[in-house]
Protein chains: 2
Amino acid sequence: MSGSAPAPTQQLAALADDTRWAILELLGSRARSASELAVELPVSRQAIAKHLAVLEAAGLVESAREGRSVRHRAIGASLSALADRLDAIGRQWESRLERVARMAEERAASERS
Amino acid sequence: MSGSAPAPTQQLAALADDTRWAILELLGSRARSASELAVELPVSRQAIAKHLAVLEAAGLVESAREGRSVRHRAIGASLSALADRLDAIGRQWESRLERVARMAEERAASERS
DNA sequence: TTGACCTGCAACCAGCCGATTGCAGGAGGA
DNA sequence: TCCTCCTGCAATCGGCTGGTTGCAGGTCAA
């Protein structure tokens, strides 16, 4: 596997930005270079390069040099893996809180008797 | 349904903070008040109140007044719903990019013939 | 070799954000 | 009623972050 998986909060922080989502949507349909992205987005190439660095550090984008340009592509599997973790946590909250509610219910019932 | 669902980036931004995750983990095991949280976490009560406001605006926490205190609890279903959306997007990226790769493969094959 | 094109690094700036302190207000118990 | 406890609002502060401009380096084609 890839040496060290990025921390969840790092991935979430990377995803908490509209410009980065715009980049990801483009890279999710076709691999592109930073200059190509700069043409289609209303920010400078250097700003995009910074965003790409953040996304790559978060494991959401893969980059490969190709001649004199660098092709970037979105890694859908990373996003799905993060989604799996979030879903598991969400379900855990639900089950725990439901259990606490049930215990309170039972205690109230026993006190009524 | 709840009137207006928070934007995904809003939810993601809310989740992109370690202190808020610490709060969520506590609220995911048992509903608590802001003062209770302040005892268990190394930040001031007001900081926690701000975080709770962010989490509530993101639809990740539910609050209910109970006497002179306010009980907050994590909403696991919101997290799972967000996870579902992320997973769908991740799978979409994978299928699109795979399709692009296959088309390039076929074009190369036809050019070889 | 020279020029065009793309990337990468550095410095700089403005705005947002997490955190703190201080104070006002409201609900419950003695 | 009075005191206590908890919440809510405002002002303030330092640091992070998204964005820009400028410049240096490297690679391909003519």
Side-chain angles (χ1 to χ4, degrees), chain A residues 6-27 30-75 82, chain B residues 6-27 30-75 82 104 108:
Chain A
T9 56
Q10 187 183 0
Q11 294 187 303
L12 290 164
L15 293 172
D17 183 281
D18 289 321
T19 302
R20 282 197 281 271
W21 270 108
I23 293 174
L24 285 171
E25 283 181 24
L26 290 172
L27 297 185
R30 175 166 53 88
R32 291 160 214 249
S33 71
S35 299
E36 280 181 280
L37 290 169
V39 174
E40 309 193 41
L41 293 175
V43 291
S44 69
R45 178 186 62 82
Q46 286 81 353
I48 289 176
K50 281 194 193 177
H51 285 306
L52 285 172
V54 172
L55 291 169
E56 197 172 358
L60 293 164
V61 159
E62 212 174 35
S63 306
R65 179 140 234 143
E66 205 167 292
R68 60 180 157 183
S69 69
V70 180
R71 304 278 279 185
H72 307 274
R73 61 169 271 264
I75 307 178
L82 175 64
Chain B
T9 56
Q10 186 183 0
Q11 294 187 304
L12 290 163
L15 293 172
D17 184 281
D18 289 321
T19 302
R20 281 198 282 269
W21 270 109
I23 292 174
L24 285 172
E25 280 180 26
L26 290 171
L27 296 186
R30 175 166 53 87
R32 290 161 215 249
S33 70
S35 298
E36 280 181 279
L37 289 170
V39 174
E40 309 191 43
L41 293 174
V43 291
S44 67
R45 179 186 61 82
Q46 286 79 353
I48 289 176
K50 281 193 194 179
H51 285 306
L52 286 172
V54 171
L55 291 169
E56 197 172 358
L60 293 165
V61 159
E62 214 174 33
S63 306
R65 179 139 235 143
E66 206 167 289
R68 61 180 158 183
S69 69
V70 179
R71 303 279 278 186
H72 307 274
R73 61 168 272 263
I75 307 178
L82 175 63

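Quick caveat, the model's predicted, so the values are computed rather than measured. Naming convention: chains lettered A, B, ... in sequence-line order (proteins, then strands); numbering from 1 in each chain.
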Quiz item: Between residues 7-15 of chain B and DNA chain D, which residues have a heavy-atom gap below 4.0 Å?
Solution: none

Quiz item: Nearest to the side chain of B:Val70, which nucleotide is it out of D:dG8, C:dA19, D:dG18?
Solution: D:dG8

Self-check item: Test side-chain hydrogen bond (donor to acceptor under 3.5 Å, both in side chains) applied to A:Gln10 - qualifying residues, sequence neighbours left out
Solution: none

Self-check item: Those residues that, when tested against B:Arg68, pass salt bridge (charged side-chain N to carboxylate O under 4.0 Å, His left out) (two or more places apart)
Solution: none

Self-check item: For B:Ser63, side-chain contact (heavy atoms from CB on, under 4.5 Å) partners two or more places apart
Solution: B:Glu56, B:Val61, B:Val70, B:His72

Quiz item: Who are the side-chain contact (heavy atoms from CB on, under 4.5 Å) partners of A:Ala49, not counting sequence neighbours?
Solution: none

Self-check item: Any residue meeting side-chain hydrogen bond (donor to acceptor under 3.5 Å, both in side chains) with B:Glu25, in chain and number order, not counting sequence neighbours
Solution: none

Quiz prompt | Overall bend - the helix from C:dT1-D:dA30 to C:dA30-D:dT1, comparing terminal axes fitted on five pairs, nearest 10 degrees | solution = 30°

List, with names and distances, any nitrogen or oxygen atoms from the protein found under 3.5 Å away from nitrogen or oxygen atoms belonging to nucleotides 25-30 of chain C.
none

Quiz prompt | Pairing residues for B:Ala53 by the side-chain contact (heavy atoms from CB on, under 4.5 Å) criterion, not counting sequence neighbours | solution = none

Practice problem: Please list, by residue number, the residues of residues 32-46 of chain A whose heavy atoms come closer than 4.0 Å to an atom of DNA chain D; answer none if no residue qualifies. | Solution: A:Val43, A:Ser44, A:Gln46

Self-check item: salt bridge (charged side-chain N to carboxylate O under 4.0 Å, His left out) partners for A:Glu40, two or more places apart
Solution: A:Arg32

Exercise. Using side-chain contact (heavy atoms from CB on, under 4.5 Å) as the criterion, list what pairs up with B:Ala13, not counting sequence neighbours.
Key: A:Ala16

